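Here the structure comes first, spelled out in structure tokens, and everything after it is commentary.
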There are 2 protein chains.
Amino acid sequence: MTNNSRHDLPPSMGSAMGVTYRKLAMYMQHHLKQYDITPEQLTVLLGIGDSEGLIQKEIAQRARKDHPTTTRILDQLEGKGLIRKQQGERDRRSFLVFSTDKAKEVAEAGRLHEEDLKNEILECISAEEYDMLMELLNRIGEHFSEVNKE
Amino acid sequence: MTNNSRHDLPPSMGSAMGVTYRKLAMYMQHHLKQYDITPEQLTVLLGIGDSEGLIQKEIAQRARKDHPTTTRILDQLEGKGLIRKQQGERDRRSFLVFSTDKAKEVAEAGRLHEEDLKNEILECISAEEYDMLMELLNRIGEHFSEVNKE
DNA sequence: GCCATATATTTGTTAATACAACTATTTTTA
DNA sequence: TAAAAATAGTTGTATTAACAAATATATGGC
């Protein structure tokens, strides 16, 4: 047998977080399939919420996505008849985004599935651990927002 | 001003983890750029470690990646002269993977950058929190490995 | 008003990954 | 042993994302 002495290297935090993140994303993807949207598309829909006429820049901030990604996800949502884009009158560079009734239904259904996700996570960690995990993720995220700028 | 009443919805765990994961990945990507490898390519290189002649299936398990992704990342590493593939003699369906001296240097340099990543994370959370975060990620990951099968 | 600059958005490229379908080979089994 | 099933790997497609570069429009300084 080959030399296996190093095959149990502890994974880095980045690698470990990636692995777990993708499992959560897959869980959501499977449950959202019936509404013909993806987890990231839902994130954008929930970012829009009940605000009508937001411009893409504001939606990008709310969904914590960059502008090219936001453009492409909004294009998909438009293709699915979930949002409508209208060129701004005051500023013709921008586009105002309006969501359809169907989008509101899908967003609400998706929000319930996000609750299901939370409950499923709570099957293996405590509520205190859940809150701590969320807090640590946010703290690290903010720290690296700064670090990555340098 | 439009109705902003819902724009502060707490993000789901999936969304929050994705945002933070991508920031850690970006940090690694910037630091690994000088070696012309990506964080995920490093994960595969470190999975190989000092084991010569592993088959792709074993590498996929160690790197916690699926087979198509492993194939494509190994192809990239081969193109960069970091690994060499050799068809198995005993089982001609499989390919044995051998890493070059250059790969060993790059992997060791990358490993040091993963330590830097850990130290950078420890700038904003305690060592106890770091260990707990890793443990929670692994526990959730294992739980959803089961859940996603159903 | 004109030109430089800033801003909103889009497009192209590369990377990673999930899933499904496919090829090639090996193993099982009837 | 021949057919069926399993296994190793590859390829195609869709999604998401980062980065760079492009376009269109707006704003500022002069």
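Just so you know, these numbers come straight off a predicted model, no measurement behind them. Per chain, numbering begins at 1; letters A, B, ... match sequence-line order.
In this entry the distance linking NZ of B/Lys149 with P of C/dC19 reads 13 Å, nearest Å. For the pair A/Ile73 CD1 and D/dA18 P, the computed distance is 10 Å after rounding to whole Å. Distance A/Leu32 CG to C/dA18 P: 17 Å, rounded to the nearest Å. Whole-Å rounding puts the B/Gln87 CD to C/dA24 C1' distance at 9 Å. Rounded to a whole Å, the CE atom of A/Met26 is 5 Å from the P atom of C/dA18. In this structure, B/Gln76 places its CD atom 14 Å from C1' of D/dT10, rounding to the nearest Å. A straight line from NZ of B/Lys23 to P of D/dC19 spans 12 Å, rounded to a whole angstrom. Nucleotide D/dA17 holds its P atom 16 Å from the CG atom of A/Asn148, rounded to whole Å.
Residue-level contact check: A/Gln29 touches neither bases nor backbone, having no heavy atom under 4.0 Å from any strand.
Side-chain N/O atoms of A/Arg62 and A/Ser51 include a donor and acceptor closer than 3.5 Å. Between the side chains of B/Lys118 and A/Ser12, no donor N or O sits under 3.5 Å from an acceptor N or O. B/Tyr35 and B/His113 share a donor-acceptor pair across their side chains, judged by distance under 3.5 Å alone. Side-chain polar atoms of B/Lys57 and B/Ser94 form no donor-acceptor pair below 3.5 angstrom.
For the pair A/Arg92 and B/Arg22, both in contact range of DNA chain D, the more 5′-proximal nearest nucleotide belongs to B/Arg22.
Between A/Glu52 and A/Arg84, none of the side-chain N atoms (NZ, or NE/NH1/NH2) sits under 4.0 Å from a carboxylate O, so this pair counts as no salt bridge.
Tracing side-chain contacts under 4.5 Å through hydrophobic residues (I, L, V, M, F, W, Y), one never reaches B/Leu82 starting from B/Leu96; they form parts of separate clusters.
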task: Quick one, give me the B/S/- string for nucleotides 3-13 of chain C, reading 5' to 3', where B means a protein heavy atom under 4.0 Å from the base and S means that only happens at the primed atoms, P, OP1 or OP2.
output: ---BBSBBBBB
